[in-house]
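A short write-up of the structure that comes next.
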Amino acid sequence: MVNLGVLVSGSGSNLQAIIDNIEAGRLDAQIKIVISNVPGVYALERARTHAIPSMVISHKEYKKREDFDQKLLEVLKTHEVELVILAGFMRIVTPVLLRAFPMRVMNIHPALLPSFPGTHVWQTEVDYGVKFAGCTVHFVDEGPDTGPIIIQAVVPVYDDDTADTLNARILKQEHKIFSQAIQLYAEGRLKVQGRRVLAEGIPQAPDSFMINPPVTIFER
Ligand code: GRF
């Protein structure tokens, strides 16, 4: 059982997926606290509905990022949080938080890192013409979207996709892999070796592949 602190800034659909997986007994974790840096967001409502403690800590009340992170840190420690989950948390975290939780802050990014870091990536992906997109759960380090990758999911990009349709297809997979990453952590399977995160005891699928456009493959 791992104690989570979930940081949010918006709708909280990833938070909801984590809650649902915990309640269904698939995810061996408990959410000790949900913290939003933005008042009134729907993620807070989701926490309340499920009787999960939640609070707002507005970044606007702190002059420096480090001071804001120090406050987050105090609250996370008070709630005995072991693993910090950034579920649509739209702030850059500083070493103040990261050094207190080394390789214990996880983020979800809606692209296949290291491609397409940053925000609002879907239109950029469509415009670039990539045939696959996806999402990444990674440990957070001191760079933007640069931390060691834990798990990724791949989705096709179709000719008639818009930023919105691609976002929706990716988000469905985010809701699956974030919980999976947390469960791997809870089971003690994640071993960080430099940039690589190994998932011990998970069988490989050496011949799996996807092709897009989904043409019929020549058999030989
Ligand atoms: C997702 O696109 C996630 O990848 C990004 O922020 C969005 C959060 O959505 N980091 P939600 O608040 O979980 O619905």
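From a predicted model like this one, the values you see are computed outputs, not experimental measurements. Indexing begins at 1, ligand by ligand and atom by atom, following the structure's order.
Listed by number with element, the atoms of ligand 1 under 4.0 angstrom from any heavy atom of Gly88 are 6 (O), 8 (C), 10 (N).
When Val121, Ile108, Ile170, Thr136 are ranked by how near their heavy atoms come to atom 5 (C) of ligand 1, first place goes to Ile108. The closest heavy-atom contact to atom 1 (C) of ligand 1, among the options Arg46, Glu174, His120, comes from Glu174. Of the candidates Ser13, Cys135, Ala87, Ser13 brings a heavy atom nearest to atom 11 (P) of ligand 1. Counting heavy atoms only, Gly12 comes closest to atom 12 (O) of ligand 1 of the residues Ala17, Ala43, Gly12, Gly10.
Here Ser115 pairs with nothing under the side chain to side chain donor-acceptor pair (under 3.5 Å) rule; sequence neighbours left out.
Inspection of the Gln183 and Glu187 side chains reveals an N or O donor paired with an N or O acceptor under 3.5 Å.
Residue pairs meeting the side-chain hydrogen bond (donor to acceptor under 3.5 Å, both in side chains) criterion with at least one member in residues 202-220, sequence neighbours excluded, do not occur.
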| task | Determine, step by step, whether Thr119 and Met90 satisfy the side chain to side chain contact (heavy atoms under 4.5 Å, CB included) criterion, reporting the C-alpha distance in whole Å, the side-chain angles of both residues, the deciding distance to 0.1 Å, and the verdict. | result | CA-CA 9 Å; Thr119 54; Met90 303 307 281; 3.9 Å; yes
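Considering only heavy atoms from C-beta on, Asp161 comes within 4.5 Å of Arg169 through its side chain.
Here the protein heavy atom with the shortest distance to atom 9 (O) of ligand 1 is Asn14 ND2, 3.9 Å.
Contact check on Arg48 versus Glu45 returns a salt bridge, with a Lys/Arg side-chain nitrogen under 4.0 Å from an Asp/Glu carboxylate oxygen.
For ligand 1, one of its N or O atoms has an N or O atom of Ser11 under 3.5 Å away.
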